4 protein chains.
Amino acid sequence: MSNEGLNSFLFSTPEMTRVFSSGEQLRAMTRFEWALTCALESNGRAEPGSGAVLEQLLTAEFIDVNALILEARDAGNVAIPFVRQLTAAAMELSESAARPIHLGATSQDVLDTALVLQIREATQVLETSLDRLDSALLNQVKKHRHTVMQGRTWLQPGPPTTLGLKLAGTLAAMRRDRQRIHEAAERTLVLQFGGAVGTLASLGDAGEAISAQLARLLNLIEPVLPWHTQRDNLVVIVQVLAILTGSLAKLGRDIALLMQAEVSEASEERNHGRGGSSTMPHKHNPVASAALIAIHSKMPGLVSTVLYAMPQEHERGLGLWQAEWDAVPEAFRMASASVAYAIDIAEGLTADEARMQANMEATLGLPLAEAVNAALAPKMGRAAAHTLLRSAADRATTENRQLSDVLKQMPEVLVHLNSKEIDESLDPNNYLGSAQRFIARVVGDEDAYL
Amino acid sequence: MSNEGLNSFLFSTPEMTRVFSSGEQLRAMTRFEWALTCALESNGRAEPGSGAVLEQLLTAEFIDVNALILEARDAGNVAIPFVRQLTAAAMELSESAARPIHLGATSQDVLDTALVLQIREATQVLETSLDRLDSALLNQVKKHRHTVMQGRTWLQPGPPTTLGLKLAGTLAAMRRDRQRIHEAAERTLVLQFGGAVGTLASLGDAGEAISAQLARLLNLIEPVLPWHTQRDNLVVIVQVLAILTGSLAKLGRDIALLMQAEVSEASEERNHGRGGSSTMPHKHNPVASAALIAIHSKMPGLVSTVLYAMPQEHERGLGLWQAEWDAVPEAFRMASASVAYAIDIAEGLTADEARMQANMEATLGLPLAEAVNAALAPKMGRAAAHTLLRSAADRATTENRQLSDVLKQMPEVLVHLNSKEIDESLDPNNYLGSAQRFIARVVGDEDAYL
Amino acid sequence: MSNEGLNSFLFSTPEMTRVFSSGEQLRAMTRFEWALTCALESNGRAEPGSGAVLEQLLTAEFIDVNALILEARDAGNVAIPFVRQLTAAAMELSESAARPIHLGATSQDVLDTALVLQIREATQVLETSLDRLDSALLNQVKKHRHTVMQGRTWLQPGPPTTLGLKLAGTLAAMRRDRQRIHEAAERTLVLQFGGAVGTLASLGDAGEAISAQLARLLNLIEPVLPWHTQRDNLVVIVQVLAILTGSLAKLGRDIALLMQAEVSEASEERNHGRGGSSTMPHKHNPVASAALIAIHSKMPGLVSTVLYAMPQEHERGLGLWQAEWDAVPEAFRMASASVAYAIDIAEGLTADEARMQANMEATLGLPLAEAVNAALAPKMGRAAAHTLLRSAADRATTENRQLSDVLKQMPEVLVHLNSKEIDESLDPNNYLGSAQRFIARVVGDEDAYL
Amino acid sequence: MSNEGLNSFLFSTPEMTRVFSSGEQLRAMTRFEWALTCALESNGRAEPGSGAVLEQLLTAEFIDVNALILEARDAGNVAIPFVRQLTAAAMELSESAARPIHLGATSQDVLDTALVLQIREATQVLETSLDRLDSALLNQVKKHRHTVMQGRTWLQPGPPTTLGLKLAGTLAAMRRDRQRIHEAAERTLVLQFGGAVGTLASLGDAGEAISAQLARLLNLIEPVLPWHTQRDNLVVIVQVLAILTGSLAKLGRDIALLMQAEVSEASEERNHGRGGSSTMPHKHNPVASAALIAIHSKMPGLVSTVLYAMPQEHERGLGLWQAEWDAVPEAFRMASASVAYAIDIAEGLTADEARMQANMEATLGLPLAEAVNAALAPKMGRAAAHTLLRSAADRATTENRQLSDVLKQMPEVLVHLNSKEIDESLDPNNYLGSAQRFIARVVGDEDAYL
């Protein structure tokens with residue numbers, strides 16, 4: 001039982017846990033060594049057939065993990081005992097194939113490249129779930145494009161908006177986030193292969209050719225030069241994942257606020273016991289929203305770590321590289337969990353339009369005073385309109401009456417606006433400005449909403 | 001005397017301090033209001049000539065800063081008293097021009113857009129200095145492409161590299177950083193204009209047209225929809241600046257290590273008292289290197305702040321937006337100082353090749369043992385070669401003699417390699433692998449180095 | 001106009017801004033040099049009367065700040081040009097008094113000790129305002145110890161609590177925070193005096209005596225040994241201030257949530273335009289609450305910086321010390337602002353008991369179901385009681401009726417509880433458990449509440 | 001194979017991994033429920049013998065971890081399924097004992113209190129290893145109190161210090177760190193028990209008595225009031241652990257710098273392959289030093305997380321509490337690893353005094369120029385002495401000769417100082433100021449070193 005295990009329900013998904021499992025890491029490391037042997041073979045540095053021998057070991061079943069960890073404490077990383085175990089396993093199959101294993105490479109080459117290979121898989125997993133999130137959000141935006149609700153600023157009532165516009169903001173941000181992740185991942189899929197100090201010296205003149213071949217075999221970009229102590233691309237990956245969880249935490253924050261009993265305008269799906277309380281059976285906790293907030297709260301710490309780990313010394317650094325090791329996997333695990341919880345919300349979201357209406361009514365029409373002002377100002381002058389409305393608003397507040405009722409009893413208003421006009425100017429549906437146009441841009445049906 | 005003042009020598013440049021001064025911020029805010037009035041005028045919402053009136057106020061000299069700050073504590077931001085003061089100043093010029101000021105906008109619209117305008121200027125300032133840094137680094141890379149020095153990993157000696165290759169790593173990273181900053185800035189130059197809750201409701205049907213016109217006048221991108229509580233683009237800006245300072249802190253770290261008296265392979269320029277010590281007049285402190293490290297150490301905190309500030313509530317948030325305010329200016333100020341100090345290093349860097357040579361000799365040729373191994377293995381078998389070299393290396397260490405001397409006295413070696421061949425295989429110049437090819441890729445003269 | 005200026009309304013108080021102004025820093029630095037000269041004089045290392053000469057310069061009016069900053073860029077810190085200017089100023093008064101200035105000290109001695117002197121003053125300023133906050137919170141706790149309101153978990157309704165208990169939690173935390181700040185400050189008030197490498201070598205045998213005398217004159221603790229590169233005490237100071245702002249941000253978060261229009265149970269004071277909106281005159285924004293959240297959001301970044309800055313090299317470090325410089329002042333400025341905004345809340349807080357009552361009624365008594373359960377279980381068995389209550393709760397929810405009404409129409413309930421007993425068990429006042437006992441412990445009148 | 005597993009060699013110790021294993025957490029949770037049942041029993045809320053039944057389950061072997069994690073995703077935490085499983089297991093032993101399980105408590109009560117119990121054990125484990133570190137450092141301080149070496153500031157040579165003084169700085173800091181951890185842990189060992197909203201309402205009048213009894217049984221402090229959303233004590237624990245790793249990272253940084261081939265003044269123990277390189281067999285990597293740096297680089301992120309997680313809403317928060325869950329265990333795991341690596345260094349540290357001597361000679365006596373200055377100034381006047389020494393230092397640098405040789409050939413010097421006096425003033429052993437007094441204070445034998 002590992003401790004990560006107990007809380008993994010919240011901070012990872014089973015699929016992403018798998019991508020960054022020890023097993024997958026060791027398989028990726030083996031894959032690097034296999035490809036290196038093939039590249040050496042192509043360049044006459046390994047005997048024909050060596051690559052084929054290594055291919056038999058790609059499942060990495062030969063690894064004795066406990067021995068690996070034990071040796072790693074003295075070696076300073078797991079690559080050294082890994083190469084030892086791999087060589088021993090290959091030796092049993094073919095001495096000549098075993099001999100050139102790891103030739104030209106250093107520990108960091110295999111660990112960094114294995115990480116890059118895992119990042120590729122992780123990005124695909126994440127993008128698939130982001131597609132699903134995009135669809136789910138898009139459906140909700142379309143469904144609720146006209147669902148009028150109180151806008152809120154500083155957690156106080158403002159003029160109306162629609163649930164569709166609110167969710168369109170998240171959808172647009174998520175799409176930018178996705179684009180950034182895609183671009184960052186593409187730039188990160190770069191081979192690491194430099195040998196001890198980044199010169200590939202032990203390969204003589206053949207370094208560049210072998211490096212190119214290795215990159216081809218692993219389907220990775222060849223770097224301009226090895227990046228042992230230039231970690232910018234990895235920092236970006238962690239960073240863009242943190243921005244994604246930030247955008248989704250905003251969704252979680254909003255939904256949790258809307259789920260408050262006193263607001264009750266929207267809710268996560270109430271299903272199969274989700275969100276039940278041990279002491280309060282009637283309660284429906286915003287479990288997914290809480291998860292989105294919890295996850296994001298851990299991301300800036302990861303970003304800090306990889307940023308602080310940047311100034312790595314000389315050709316290969318001391319300690320800061322190690323500080324990075326878990327950051328990329330953790331960032332992906334948490335991002336995947338964030339997307340999964342966001343999907344739960346986006347697919348299961350329910351809205352209570354009656355409650356939205358009631359909450360707007362409870363603010364007595366005051367957030368719409370500026371709409372009446374706009375109607376009155378041209379007729380009676382701006383200053384007079386403003387004074388009049390302020391006194392109407394005060395009266396509405398003091399007497400707890402709708403602003404419309406107050407206005408309809410003010411002769412100085414009725415001179416300019418009849419009762420129907422007052423109602424129209426105070427109808428939230430008439431005070432949404434460009435909301436539909438903005439939504440249409442996100443949904444992609446702008447023509448329909450001109 | 002402000003406290004920021006006393007340490008500003010380290011954490012900003014005069015030019016960037018100017019870009020993000022209060023004065024420039026207030027001018028950018030005035031610029032927003034001027035452009036908004038023009039856009040309102042074009043759309044019949046302000047009287048003809050209103051924009052021309054506002055244009056007279058673009059210097060923002062009408063502002064009473066002390067009153068502004070005093071009022072801001074109650075208002076919660078400086079935009080509210082700013083609009084009040086602007087309106088009063090305009091009123092003195094033309095009542096009709098003053099009336100529509102800020103129409104359709106909310107405080108955050110003016111503050112966010114002003115920040116975006118400052119980011120545009122800051123990015124140009126930064127890119128200009130990055131150009132200069134690129135040139136300086138490029139010159140050093142070219143100059144030292146063949147300057148052979150000890151490679152170092154874990155702060156321990158490794159096979160040789162060249163100073164050119166080391167600096168090429170920084171140059172390549174800096175170029176990626178610059179590219180990221182450029183892309184991020186381009187995406188950030190987006191108008192903020194949404195009114196109270198992001199619907200532009202008070203502009204009725206004209207919101208979209210006015211928004212488009214406003215963006216044109218300010219030469220900003222029109223957003224898909226207002227981004228009051230979607231802060232991802234701003235987070236990216238802070239982040240990519242932090243990555244830049246990270247890459248440059250790595251340069252600082254390396255130079256400071258090379259400047260150690262015991263290493264003395266390279267040095268910041270010794271000039272005009274820079275780096276003098278109050279108690280030790282003979283001393284030459286790596287002041288620019290220290291600055292690069294100091295600056296970067298403060299950036300992750302800024303990144304954390306903007307990441308944590310992402311989940312802003314509903315249409316406009318509570319507190320988290322305010323938490324962001326100083327982060328972007330501070331990030332630019334620190335990035336500019338970092339680039340300035342890096343330019344100092346890159347332009348003034350001196351190398352001591354004799355010392356590089358001596359430091360390599362002091363390691364007795366041991367880091368090159370793998371080169372001899374490569375020469376011997378084909379002739380006597382890999383295992384035998386390895387055993388032989390290990391014993392030679394042990395003897396060299398124990399007796400503090402050059403590995404070449406030891407080898408030349410070993411008959412079992414001389415059978416395979418003559419004295420000249422031993423020397424050649426232990427010549428650092430012959431063990432640089434692909435170093436020149438990597439440098440050529442960065443310098444852009446690959447053809448010359450095939 | 002400095003940029004810090006514009007936002008200083010939010011992130012500092014005038015008094016703390018003064019404590020950490022450049023002027024105060026320079027005066028504290030002068031004070032260190034004055035005390036050092038006195039200590040040298042007492043030990044025969046400065047001529048009699050030298051201290052008296054330095055005393056005339058304690059106002060630090062001799063400083064040319066612009067020249068100081070200009071020189072600092074080359075020197076790497078402001079202490080070097082400061083000593084130069086101080087010596088020049090003293091020279092005009094007495095050459096012999098000027099000569100021993102700074103003898104035995106290094107730049108870091110004067111900068112660190114000056115910071116410590118500022119910390120002493122800042123702590124006193126902060127503690128005075130914490131006293132006021134304590135009183136204000138205590139008054140509210142006492143006033144509202146019986147003000148019953150909905151308890152809330154996961155932002156969902158729970159059993160009742162009282163406003164007094166809620167605020168007592170903040171008061172108890174704030175007192176722990178204050179105690180930690182007091183202890184941390186006491187441990188931080190340690191002289192820094194070690195000379196170039198922390199041995200006081202240039203003072204020969206007299207170092208210890210001079211150091212002791214210097215500490216006495218400044219009323220600081222003598223360190224076991226100089227702490228140039230052991231920064232733990234300073235890190236603690238920043239940290240405990242961050243914990244204080246965290247406790248107060250929790251208060252801000254709660255008040256902002258209670259101020260939501262839909263909740264409206266408590267409010268910051270509505271006064272003199274505080275919290276007004278530029279577009280929505282009827283609105284009352286939770287400005288102080290927002291400030292508490294904004295301030296705290298910036299503190300973890302400062303803590304990160306000082307933690308990362310800990311591993312300073314050898315006798316005096318490279319860059320990491322500089323990274324610290326602004327952190328302690330910023331932490332105090334922000335803590336002072338946090339306390340000031342918390343005082344605003346604590347002194348002006350108003351509660352709406354009718355609304356509290358109404359909000360509890362709106363949850364239909366469901367959060368109190370466990371109270372009825374407790375009454376029924378002994379009489380009809382736990383399982384039966386639970387089943388019965390669940391069905392009653394379901395009916396109450398579906399029919400939107402009070403749980404009490406539903407229960408009173410269930411014969412199987414009435415067998416065991418009469419109408420009055422049902423009402424009593426569903427009265428929030430009867431379901432507060434140990435709330436009054438907990439409050440009494442905080443208020444300190446436990447005997448009265450047994 | 002868990003991914004944490006692969007890198008656990010670096011970021012934890014087996015013993016601390018055990019303390020915070022899932023198994024121990026579940027046992028601590030069971031212990032809470034057992035003690036609660038006992039306390040209920042004492043207060044007549046559980047039938048006699050119930051506690052004894054629960055006692056049989058303390059090994060927590062009844063738990064199905066997979067089912068637990070699966071259910072936790074819907075429940076939002078592991079406590080809810082845990083209580084379900086515990087109740088089921090108890091039910092098989094005794095229905096009446098099973099019934100009151102968890103009565104009065106909420107999920108957070110059991111999770112928080114279990115964490116506190118683990119903190120107690122973790123602190124004991126850590127303090128035991130800190131004792132060992134104290135002894136090892138103390139031995140080295142004593143052994144090397146007179147081992148003279150170059151002092152270094154800004155990574156540049158300064159006047160001499162001793163290895164003992166350098167290590168005494170770390171020892172003194174580590175003792176302060178230990179004291180802080182001890183105090184923080186003592187204050188953290190506080191029961192969490194408040195029920196749904198912190199009132200213990202479901203226990204009626206008995207809440208306080210049951211809480212007191214529960215605290216006694218678990219040997220924990222009773223809180224003034226429940227601290228569900230007041231997390232300051234936990235934040236402090238993470239923070240003081242981060243300060244410890246910071247102090248030890250400074251040790252690691254120094255040792256790694258001293259191990260550089262060009263410096264070679266001190267070294268981690270070379271044993272059993274520790275620090276070997278896969279490509280460079282002659283190399284001895286500073287593995288423990290690197291680990292100290294790597295570990296500390298991850299701590300500020302944890303501190304950030306717990307600080308940001310402080311403003312938890314109302315009676316129990318939404319998401320921020322969850323964000324904390326792994327921080328305390330991770331902080332202890334990393335601190336334990338840090339101490340273990342520091343012990344490796346402190347117990348195995350070797351010093352090369354000849355190299356220290358040689359490195360000092362290589363600086364030509366220049367860092368001691370101020371000692372000669374002190375000898376000459378009284379005889380020829382301060383200004384003249386300074387001018388003379390500057391010219392001597394310039395000549396020594398230019399001609400690469402010892403300063404003493406240069407001085408001995410200057411007639412204007414020989415008038416005042418003879419050859420022996422020159423040598424004495426340039427002997428590093430004579431320029432250590434108060435070093436021995438400072439060491440004696442740390443070692444505790446001040447009387448012997450007066």
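A note on names: the letters A, B, ... follow the listed sequences, proteins ahead of strands, and every chain is numbered from 1. Quick caveat, the model's predicted, so the values are computed rather than measured.
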Visitor: Find the distance between CD1 (A/I255) and CG (C/L155) and round it off to the nearest 0.5 Å.
Guide: 12.5 Å

Visitor: Examine whether an atom of A/A256 lies under 4.5 Å from a heavy atom of chain C, and if so say whether it belongs to the side chain, the backbone or both; otherwise answer neither.
Guide: both

Visitor: Considering all heavy atoms of both residues, which atom of A/W154 and which atom of C/A290 are nearest to each other, and what is their separation?
Guide: CZ3-CB, 3.5 Å

Visitor: Going by atom types alone, do C/E262 and A/Q150 pair a side-chain donor with an acceptor below 3.5 Å?
Guide: no

Visitor: Check side chain to side chain donor-acceptor pair (under 3.5 Å) between A/T162 and all other residues, then give those that pass, not counting sequence neighbours.
Guide: none

Visitor: Out of the candidates A/R152, A/Q260, A/Q156, only one should pair with C/Q260 under the side chain to side chain donor-acceptor pair (under 3.5 Å) rule; please name it.
Guide: A/Q260

Visitor: Which residues pass the side chain to side chain contact (heavy atoms under 4.5 Å, CB included) test with A/A435, sequence neighbours left out?
Guide: A/L165, A/L432, B/T199

